[in-house]
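The sequence lines fix the lettering, A, B, ..., with proteins before strands; numbering per chain opens at 1. As the structure is a computational prediction, the values presented were derived from the model and not from experiment.
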Number of protein chains: 2
Amino acid sequence: MATIKDVAKKAGVSISVVSKTYNNYVDVSEETRQRIFAVAKELDYTPNIVAKNLSSKKQMTLGLISSGVLNDNEKDNNAFDIFKGVYREISETRFELSINLIDSQKQKQQSYVQYCRERNIGGAILQGIRTDDQYYKELLNTNIPCVVLDIMNETENGLIGSVSIDNALASKEMALYLLERNHRNLAVVSGTKETYVNKERMKGLEEALHAHGMKLDDVDFLDADFSEEAAYELSKMYLQKTQPTAFFCFSDLMAFGVIKAIKEAGLRIPEDISVTGFDDLIFSSYTQPPLTTIKQDFVEIGKVAARLLQDIKENNLERQHIWVKHQLMARESVKTLPSV
Amino acid sequence: MATIKDVAKKAGVSISVVSKTYNNYVDVSEETRQRIFAVAKELDYTPNIVAKNLSSKKQMTLGLISSGVLNDNEKDNNAFDIFKGVYREISETRFELSINLIDSQKQKQQSYVQYCRERNIGGAILQGIRTDDQYYKELLNTNIPCVVLDIMNETENGLIGSVSIDNALASKEMALYLLERNHRNLAVVSGTKETYVNKERMKGLEEALHAHGMKLDDVDFLDADFSEEAAYELSKMYLQKTQPTAFFCFSDLMAFGVIKAIKEAGLRIPEDISVTGFDDLIFSSYTQPPLTTIKQDFVEIGKVAARLLQDIKENNLERQHIWVKHQLMARESVKTLPSV
DNA sequence: TTGCAACATCTTTAATGGTGGCCATAGTCT
DNA sequence: AGACTATGGCCACCATTAAAGATGTTGCAA
């Protein structure tokens, strides 16, 4: 492959002129510029990104650190959609994308900071990370710009951005949707308590309940840890002694488990029991009946994250959070009850 | 971040000794080795991969060039599974993985060779590529080792490997499965004619037919180009004049389209018409009824491809193809007919 | 007309963080 | 003493960027 040296020689100029030409410096005459491009084309030359990366002060590659892709449930394609969004956005720019998928099975695990330093990574997007992840904490204390998803950054580090939907609002909307349809006996299937999204969804639920003169105590809770299996087991047991009018699930995956339990109990959805989810997985349109849920546009979230990361790098923005729009997908898993 | 220079200075040796230590050269005394690692740990040093990549003769990164990930139907996660497999396998090694997702929407499109050269990529895995892709052809003429998926490489280039299931055999098995259950009025929903997999599946079908004293002419063909929508439209029209005992689909996606058409025609599966697919998408277990299909283990295919690529690099193997095992998933979309 | 600053357009040199071949040194073996 | 071996240093090199220096040309005031 032709290098910058070959082009320089053939064009009869020094190496740095070629470099300058490719980096839009002004001190290269139009004539020379043309000649260099002509020679480059002839020699089939393109700048070597690796060398560029090494010599250039400005970093050329961004990282995506994701725990979701390798670990998720096969029905859960969220992490992949985020990946798609990030990839699409970054491929529009001059940046390279380096991917670090975390496999919880393996303990090999490398420090995120190390991962970034080794590769001259100038900024990273983190998905599926827990706030108590030690490597995450370490990363926050560096000067590496970051965008975290589904976490609200609490530190003072101005290089950290975050992106998510407004989980509290979405949850509130969904709870109101049920309450307005006169559901009062709610079973809430919640996720992992410590997570930001779960806290927010809980908050939204509470607000909605208050709006209807109710309290959190007035509903039952099944803590299923965002697991389909756990949701199935818990709701199965729950249905043996109680029959709520609706299950309000904090994720579609858990809703699937609940739906299975309901069907196995010989009950119909939504005639006997209504069910709502959260996420809008592809499967959710195909359940019987189709699931009423909150749609998160994960591709968009990925794109927004990638853009935010670049903004942080360029403008050194203050810490900030971007809300991505969600949407309540009213399908057929919720019945309107006679007014109370 | 500490560099090799810092370590060398602090350990009181020259840079190259540190380099040699990290690259397992024998001419470093055990004592020095220990000291260097101690200093490195103290300074939190890890070799910079970018620099290594530039200076080292041996290439450190492998590429995955995939057209499936960005473009595929949302129900089709095959390309992602391949990606997972490739990633898993490569992350076990000292190689880096660079990803090049092809977006058919965009014409930007870069030559694969250029992509590889720019990044010092020492070998690539290609997925979802058409044999008439000009950039693919260009790549075959270089000395860059490659592994292609679902294509049988026809060139003499010894650096090209390929991986797929035995499509002909799988197709034959499935056809026999139907024939042995006394299906004789078959409608075959085939994919894109020019593709390797389609040709192979056709070949297997023919063999199975011959085994039962039939010819390709004895079955009907719907050429649906691997599209769910096309399969739906074609089978809908087809059902208006004919009613086969079974639809033999060359992909699950097309089977979904067919199932939709059958249901809309007021017919039952498998009581009135049987359906078989090919791929075993996640959805296929959840159709009504669950789809009988050929399972391709795409994660495994990805892993095998990554291993093969490394073998080619190391041993300069002759051109070779690896068959990955498939499996006939007998579910509930096929009925056994009374013997003819 | 001259002198010289300003400008446009290059060239030179050092640096990026490593690798790797070859050379040097000193101690050991025969 | 000469050869060999173990160990480590030196330096060129990878493909590029970037800062500083060099060269020739131009414009304009003295």
ring-ring contact (aromatic ring centres under 6.0 Å, His included) assessment of B:F37 paired with B:Y45: CA-CA 9 Å; B:F37 281 140; B:Y45 166 79; 9.8 Å; no
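First and last contacting nucleotides of DNA chain C toward chain B (any atom under 4.0 angstrom from a heavy atom, 5' to 3' order): C:dT16 to C:dC22.
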Expected string for nucleotides 7-18 of chain D under the B/S/- scheme (protein heavy atoms, under 4.0 Å, primed atoms plus P, OP1, OP2 as sugar-phosphate) is BBBB---BBBBB
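Comment: B:K10 engages B:E42 in a salt bridge, judged by a side-chain N to carboxylate O separation of less than 4.0 angstrom. Between B:K303 and B:E300 there is no salt bridge, since no side-chain N of the basic residue sits under 4.0 Å from a carboxylate O of the acidic one.
Aromatic ring centres of A:F80 and A:Y87: separated by at least 6.0 Å.
Pairing each heavy atom of B:G63 with each of B:Y115, the nearest pair is CA-OH, 4.2 Å. Between A:H321 and A:S162, the shortest heavy-atom contact is ND1-OG, 2.8 Å.
A:Y135 contributes no side-chain N or O that, together with a main-chain N or O of A:Q110, makes up a donor-acceptor pair within less than 3.5 Å.
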